[in-house]
Number of protein chains: 2
Amino acid sequence: MGSGYVTLEQVARHAGVSLATASRVLNGSTRQVGRTLRDRVTASAHELGYLANASAQTLARNTSSLVGLIVHDIADPYFSSIASGVTRAAEDEGLVVVLGTTGRTPQRELELLSTLRSHRARAVVLAGSRTVEEETTRRLADEIATFTGRGGRIACVSQEGLPADTVVPDNRNGAAELARHLIGLGHRRFALLAGPTNLRTARDRLDGFHAALSAAGIELDPRNVVHGAFTRDGGYESTRRLLAAGTDATCLFAVNDVMATGAMAALRDAGLHVPRDLSVAGFDDIPTLRDLTPGLTTVRLPLEWMGEEAARLALSEDAAEEPQTVSVSGEVVVRESTAAPTAG
Amino acid sequence: MGSGYVTLEQVARHAGVSLATASRVLNGSTRQVGRTLRDRVTASAHELGYLANASAQTLARNTSSLVGLIVHDIADPYFSSIASGVTRAAEDEGLVVVLGTTGRTPQRELELLSTLRSHRARAVVLAGSRTVEEETTRRLADEIATFTGRGGRIACVSQEGLPADTVVPDNRNGAAELARHLIGLGHRRFALLAGPTNLRTARDRLDGFHAALSAAGIELDPRNVVHGAFTRDGGYESTRRLLAAGTDATCLFAVNDVMATGAMAALRDAGLHVPRDLSVAGFDDIPTLRDLTPGLTTVRLPLEWMGEEAARLALSEDAAEEPQTVSVSGEVVVRESTAAPTAG
DNA sequence: CGAACGGCGGAAAGAGTTTTCCACCAGGGG
DNA sequence: CCCCTGGTGGAAAACTCTTTCCGCCGTTCG
């Protein structure tokens, strides 16, 4: 019946053994089966083309081989790098990755988590920065609690403050170190492409940058801080607004690389030369963007590694009582998009 | 027992109805349930926090809500763009995407397909070019036949010749059109970054380009055709070899954008200016690479759309007897990386 | 030499749904 | 007044495995 699928029972019958024995030979590992029967079963299974029904196994074992991966947008190289690490780690363990994309909708994130729960996913990696809004964070925390309460494991990338293991880049220090480097080049007037106001990651990078400026006694003109989408086009748009309003900055810091890319495009379109007219720096060191010219000065994050590490955390058996946090520091990578400000 | 999960039976008992009724209210749609009981059931389900067990449903219904997506490398923007389209289409249907990465190993591709079969995936999208090798293609075709024979559906992106629906870019014509444009600019001596010798996509683009040259009476110096990996680093390396051997070409065509990116980097490192010293063109129009400078002349493929379309094909109910092929044509996009050859 | 034991095979009880069939009830036509 | 019909609820089989428990056999210890 079952649309042509061979069942374990058929294999057992073909081999002349019981269901239990067939199961023990082909899947279960707990108990030994005698050489003779073992061979008969494997031969039958092979001959009939048996393939275990994963759903039935999940149901019977009450644990699946699924690992969830939730990202905002898989086409964004930031997330696809993380995804690459996650899949590598999961596939190493013989697990299967379920990919969900939120499109940056908190509601969708909850739905996905619930779907994964209904599939009894063994673990979930949640990538993508949280907003600072109380309400959605609380609901997400609830959903996470339910998930872990049911025996699932969760790890987050870049989302501190949730009740789960977390791999979190040191955004503040990375941005601060970058700021110090730029100050060292001689810059004093900065413009900031700050991203969305409510995005945690954006805010942390901003804060770190700002703190370093303050420490150096540098004021930041509020008109030089412009908010916009966390995307390439957001960077482009923000930069146009900045230029339209007129700016005295000699250096522009975009809180991520894709925004910086948009900024460079906008500057180019405006006939400005980087770094001669304006220095530009980003954050993340997206691999695909390493070939931009001029090369983008940025803060390198080991994105694939972060994905791998998150997956490892989520899959580790030693369920620590307290959520662990792995902090990863960024490394300032100096390229040609930044230079000393031209005199004047 | 079941690690805290609420079962349908508990809901039924709580609502004072039978299992069948509860199932009909909460999941099945075939039959009507009276208003009173319906409300009681939904109320109980909500109160107890019921969430259906997807594995049990898959088992009982004998069809799952999983859609497989197999790519070579999710960090490659080519694949992540396609993946973005596939996930969008799948999520629109309320389905869940299972992501598998092959690392370009044919063996791994077979394993993944088998895993997806064991999960009773409803459909699979297979992205990534095939090699021209008979043996692996045959085995893949076998596996695909088994899959579809069991009621699954498969669609391929960019892999003609398999027994499945296919979305295939018109690589030959795209490359030919690009060649004609370049010839129109005045180029006569071309160098080709040809990618791996055994990769179907690479070969088709090569052939199309070559055909257009021949049609224009242009000879291609075999020493100007260099093979290498289909990656950014492959492009870099191939270009270095080309330069080391010395070349008289005025225009370099890389069979995909990421190789072209590597080529531009290598040229830059060699102190050559694009397009003054050498024009460069690619293929794909990867979104993330649109901000390179100089802008890369290339052939645009609607990658996300191709992923969506493949998913739609794989999910369409009207299982046509014969595999369908959707051909998508590329559009030459002219940017600054190509120019007329400098006199001399 | 009897009893305890260790190893291995099988029967059967789940795991959580869906779905088929049957039963019941009210209403309408003969 | 009886029978058939249409609508609704329930009992139970099915889906495919895993795993517990039980029984059998041949050893080995006391």
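Letters A, B, ... are given to chains in the order of the sequence lines, protein chains preceding strands, and every chain is numbered from 1.
- Distances shorter than 4.0 Å separate some side-chain N or O of B:S23 from OP1 or OP2 on C:dT18.
- In this model, the phosphate group of C:dG10 is approached by a side-chain N or O of A:T21 to a distance below 4.0 Å at OP1 or OP2.
- The phosphate of D:dT18 (OP1 or OP2) has a side-chain N or O of A:Q57 nearer than 4.0 angstrom.
- Between the C1' atom of D:dC17 and the CG atom of B:N53 lies a distance of 13 Å, rounded to the nearest Å.
- At whole-Å resolution of the value, CG in B:L51 and C1' in C:dT17 are 13 Å apart.
- Computed from coordinates, the A:L19 CG to D:dT18 C1' distance equals 9 Å when rounded to whole Å.
- As a whole-Å value, the separation of B:L59 CG from C:dT19 P is 12 Å.
- Looking at B:R153, its side chain never comes within 3.5 Å of a backbone N or O of B:V124 through a donor-acceptor pair.
- Between B:G34 and A:R61, the one whose closest nucleotide on DNA chain D sits nearer the 5' end is B:G34.
- Between the side chains of A:T101 and B:E91, at least one donor N or O lies within less than 3.5 Å of an accepting N or O.
- Note: CZ (B:R13) to P (D:dG9) measures 20 Å, nearest angstrom.
- In this structure, the CD atom of A:E9 is 13 Å from the C1' atom of C:dA12, given to the nearest Å.
- Checking the phosphate oxygens (OP1, OP2) of C:dT18, a side-chain nitrogen or oxygen of B:N27 falls inside 4.0 Å.
- A donor-acceptor pair shorter than 3.5 Å cannot be found between the side chains of A:T115 and A:S118.
- Using a 4.0 Å heavy-atom criterion, one finds that A:T7 contacts the sugar-phosphate atoms exclusively.
- Candidate nucleotides C:dG10, D:dT8, D:dT16 were compared by shortest atom distance to the side chain of A:R24, and C:dG10 ranks first.
- For B:L8, the side-chain atoms get nearest to C:dT17 when compared with the rest of C:dT17, D:dG10, D:dT16.
- Between B:R40 atom CZ and D:dT8 atom C1' the separation is 14 Å, expressed in whole Å.
- For the residue pair B:R24/B:Q32, the side-chain donor-acceptor check at 3.5 Å is not satisfied.
- Of all the heavy atoms in A:L313 and A:S316, the pair that sits closest is O-OG, 3.0 Å.
- Mapped onto DNA chain D by nearest heavy atom, B:L37 and A:A20 fall at different nucleotides, with B:L37 at the one closer to the 5' end.
- Side-chain nitrogen and oxygen atoms of B:Y5 include none within less than 4.0 Å of the OP1 or OP2 phosphate oxygen of C:dT17.
- Set against C:dT17, D:dC17, C:dA11, the side chain of A:A60 has D:dC17 as its closest nucleotide.
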